[in-house]
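Written below as structure tokens is the structure these notes are about.
Heavy atoms only: backbone and side chains are in, while hydrogens, waters and symmetry mates are out. Numbering of ligands and ligand atoms starts at 1, following listing order.
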Amino acid sequence: MQKVVKNISNGLKGEITIPSDKSISHRAVMFASLANGKSVIKNFSKGQDPLSSLNVCKSLGIEAEFKNDLLIINSSGKFSAPQHKLDCGNSGTTMRLMSGILAGQNFNSTLTGDESLSKRPMRRVIEPLSLMGADIKSSDFKAPLNISGKILHSIDYVSKLASAQVKSCILLAGLNAEGKTSFTEPYVSRNHTEIMLRYMGANINTYKNTVTIEKSELEPETIEICGDISSAAFFIVAGLIVPNSKIILKNVGLNPTRTGIIEVAEKMGANIEILDKKTVSGEDVGDIQISYSELKACTIEGEIIPRLIDELPVIAVLATQAKGTTIIKDAQDLRNKESDRIKAVVTELKKIGADIEETPDGFIINGKKHLTGGVEVETYHDHRLAMSLYVAGLICEKPLSINGFEWVGISFPEFEKLFNVITL
Ligand code: S3P
């Protein structure tokens, strides 16, 4: 589907509520399925990725039904052998987290995915799981993953990557393994797994960059899911770069392991205010007020990278409007996402007049540049590319035609509807 985006001349104005967090939704449905009893999930994401996790859990015998805004999960706390292959769709989180759960079951299973997911690296979970005694067969460490359920034992794993998916996979395997399993990463990645497992009664502790878990039973719970800061990111950037804008984003998750984009925007001189901060189901939540701002370039590197990894495509758009040279480094894993996001962002933003260069692990962007538009751009089957280009289109001189816009539905089906609320 092609979407044509036009320049917004009189600014974005108003207030919107940001829909449910994708990362937390995956975890809520998986962990509720592992708990013996009835769990209630409030505000489960309508994105295709979390629905893949829900469908995988259902294929493993879990009862789940929607009642208005609630997702009710009834489980005996045990999965049963699936009748068919488990389709993770486009979702790396479903595949990597489920592999940690399935490796320790007393049955065999196969995880499959779409074309993009079947190209993504799975060695990062297969290797540590194998050290725990797992039996996972694949071709070249890519999906499909054929998992023969085994009794797992604990490990102390030191990961070269700061990755919440790898960390969560090992912690979930550790939840069902004898002994104490620990996972250490070079920088702290998003910690929703740790927060939710603790909230549901698991024996789990964090010290600096190391998380330790012991075999535990989970208690069923009511889990309320906040808005997704990775979805809010598109509105944050749009509010900062579209002249005359002033918007408020309500109910946004503000977990410090996810708020790198706010820190970077503030460093660039952005006019951002956090209002009404509170805690919901163990997660920090608040409203974000954003006004159009004159921005200056900055360097983004090191420990902040995992805290804004999914926002880098739209941060690249932001940097085109900041005075000076923005350098983004240490982000080589961006090449392993739903697309090679370094190559894709550079190729597409160049088409609309950005001064942006690819480096092995990031970008060099010179601003402030006038964006031209009047061309067709591609989304590479990648939802975050589609939404980042849409935001760029709002300040292009001529209309921007975005091919493959339907991929937005992977994480944020409400995206355009919400944009319309603040452009009218
Ligand atoms: C996610 C972790 C991140 C992120 C992905 C969601 C999660 O991936 O990019 O969109 O829910 O755990 P990595 O763990 O591979 O960095």
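Among Leu312, Asp310, Val166, the residue whose heavy atom lies closest to atom 9 (O) of ligand 1 is Asp310. Of the candidates Arg27, His192, Lys22, Glu311, Arg27 brings a heavy atom nearest to atom 7 (C) of ligand 1.
Side-chain contact annotation: Asn55 with Asp87, donor-acceptor N/O pair under 3.5 Å absent.
On a distance-only criterion, Arg384 and ligand 1 share no N/O pair closer than 3.5 Å. Of the N or O atoms in Ala164, one or more lie within a sub-3.5 Å distance of an N or O in ligand 1. On a distance-only criterion, Ser168 and ligand 1 share no N/O pair closer than 3.5 Å. For ligand 1, the polar-atom distance check finds no N/O of Asp333 at less than 3.5 Å from any of the ligand's N/O atoms.
By the side-chain hydrogen bond (donor to acceptor under 3.5 Å, both in side chains) test, Glu263 is found to be paired with Arg307, residues two or more places apart in sequence or in another chain being considered. Shown here are the salt bridge (charged side-chain N to carboxylate O under 4.0 Å, His left out) partners of Arg120, two or more places apart in sequence or in another chain: Glu338.
For Tyr390 and Phe405, the ring centers are positioned less than 6.0 Å apart.
Salt-bridge formation is not detected for the pair Lys350/Glu358: no Lys NZ or Arg NE/NH1/NH2 atom is positioned less than 4.0 Å from an Asp or Glu carboxylate oxygen.
Counting heavy atoms closer than 4.0 Å to ligand 1, residue His26 contributes nothing at all.
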